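Everything numeric in this text was worked out from a predicted model, so none of it was measured.
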Amino acid sequence: MTIVSEGVHEMPAAHPPELRRRALDLVRQGNPVAKTARDLGISQSCLRNWMNHDPINAARKSGVTTDEHKKLVELRFRNCVLELKIDILACRTFASDGVGSRTPRRTRIS
C-alpha cells in the first residue's frame with residue numbers, strides 16, 4: 001500500500017487479467033507458487049488469493065465473484081453519497097424555513 005498523505009492510503013494498481021490467467025495456468029501445470037509469483041513479479045499472497053477466488057469466479061464453488069464484489073463496493077459507495085446529499089438537502093430545507101436545524105446522520109464510507 002502506498003502512503004499518499006498522513007492517514008490516507010492509495011490502493012495498489014490492479015494487475016492485468018492476462019497476468020492473473022497466466023499465473024493460474026502456470027500453477028495448474030504444476031509450477032510452485034513461490035517460483036511462479038517471483039517470476040511474474042507478484043507476491044505469493046496475491047497469487048494465493050487468486051487461487052482461492054478462481055473456483056468462485058469460475059462458478060465451481062459458491063461465493064461472491066470478483067465482479068460482484070466490485071459492483072457491491074461501487075453501489076455501497078454510491079448509496080453513501082446519496083444519503084449524504086439527502087442530509088445536506090434536509091439541512092438546507094430546515095435552515096431556510098427557519099424551523100430549526102437537523103443533525104445529519106453520520107454515514108461511514110467503507
Side-chain angles (χ1 to χ4, degrees):
M1 208 177 271
T2 306
I3 297 178
V4 177
S5 63
E6 189 176 330
V8 178
H9 299 280
E10 182 180 293
M11 292 297 294
H15 296 293
E18 303 81 34
L19 177 65
R20 182 180 187 145
R21 281 191 294 274
R22 175 85 174 121
L24 291 171
D25 287 344
L26 288 170
V27 172
R28 277 191 214 105
Q29 293 170 5
N31 292 312
V33 172
K35 181 180 181 333
T36 302
R38 186 176 51 253
D39 290 349
L40 296 176
I42 58 175
S43 68
Q44 287 184 49
S45 62
C46 177
L47 180 51
R48 289 191 191 282
N49 284 336
W50 290 350
M51 291 166 61
N52 291 335
H53 281 63
D54 187 51
I56 296 169
N57 290 333
R60 294 188 307 263
K61 183 178 174 185
S62 65
V64 178
T65 66
T66 303
D67 290 338
E68 290 169 335
H69 176 73
K70 182 179 175 184
K71 187 65 174 175
L72 283 171
V73 169
E74 290 171 5
L75 290 172
R76 286 179 182 141
F77 180 78
R78 179 166 167 70
N79 188 47
C80 189
V81 169
L82 292 172
E83 286 178 355
L84 289 172
K85 287 180 179 182
I86 289 169
D87 284 344
I88 290 168
L89 290 172
C91 288
R92 279 190 190 166
T93 302
F94 281 107
S96 66
D97 289 347
V99 175
S101 65
R102 177 180 183 275
T103 305
R105 291 185 305 253
R106 298 291 176 218
T107 307
R108 187 177 146 217
I109 298 176
S110 54

Q) Below 4.5 Å, heavy atoms only, C-beta onward: do Leu26 and Asp39 meet side chain to side chain? A) no

Q) Which value, rounded to the nearest 0.5 Å, describes the distance between Leu40 atom CG and Lys35 atom NZ? A) 9.0 Å

Q: Could you tell me whether Asp25 and Arg22 have a side-chain N and a carboxylate O separated by less than 4.0 Å?
A: no

Q) How far apart are the closest heavy atoms of Trp50 and Ile42, and which atoms are they? A) CZ3-CD1, 3.6 Å

(Q) With a 6.0 Å cut-off (strictly less than), is the heavy-atom count around CZ of Arg60, excluding the residue itself, greater than 12? (A) yes

Q) When you look at Val33 and Met51, which way does the side-chain contact (heavy atoms from CB on, under 4.5 Å) test go after all the steps? A) CA-CA 10 Å; Val33 172; Met51 291 166 61; 3.8 Å; yes

Q: Decide side-chain contact (heavy atoms from CB on, under 4.5 Å) for His53 and His69; before the verdict, give the C-alpha distance in whole Å, the side-chain angles of both, and the deciding distance to 0.1 Å.
A: CA-CA 11 Å; His53 281 63; His69 176 73; over 6 Å; no

Q) Measuring from Leu19:CG to Cys46:SG, what's the distance to the nearest 0.5 Å? A) 7.5 Å

Q) Out of curiosity, Glu83 CD to Ile86 CD1, how far, rounded to the nearest 0.5 Å? A) 7.0 Å

Q: Please name the pair of heavy atoms, one in Arg28 and one in Asp54, separated by the smallest distance, quoted to 0.1 Å.
A: NH2-OD2, 2.6 Å

(Q) On a heavy-atom basis, which atom in Thr36 and which in Ala23 lie closest, and how many Å separate them? (A) CG2-O, 3.9 Å

Q: Test Asp67 against Lys71 for side-chain contact (heavy atoms from CB on, under 4.5 Å), laying out the working first.
A: CA-CA 6 Å; Asp67 290 338; Lys71 187 65 174 175; over 6 Å; no

Q. Have Asn57 and Thr66 got a donor and an acceptor in their side chains that come within less than 3.5 Å?
A. yes

Q) If you group Ile, Leu, Val, Met, Phe, Trp and Tyr by side-chain heavy-atom gaps below 4.5 Å, do Leu72 and Ile56 land in one group? A) no

Q | From Leu84 atom CG to Leu89 atom CG, the distance as rounded to the nearest 0.5 Å | A | 11.0 Å

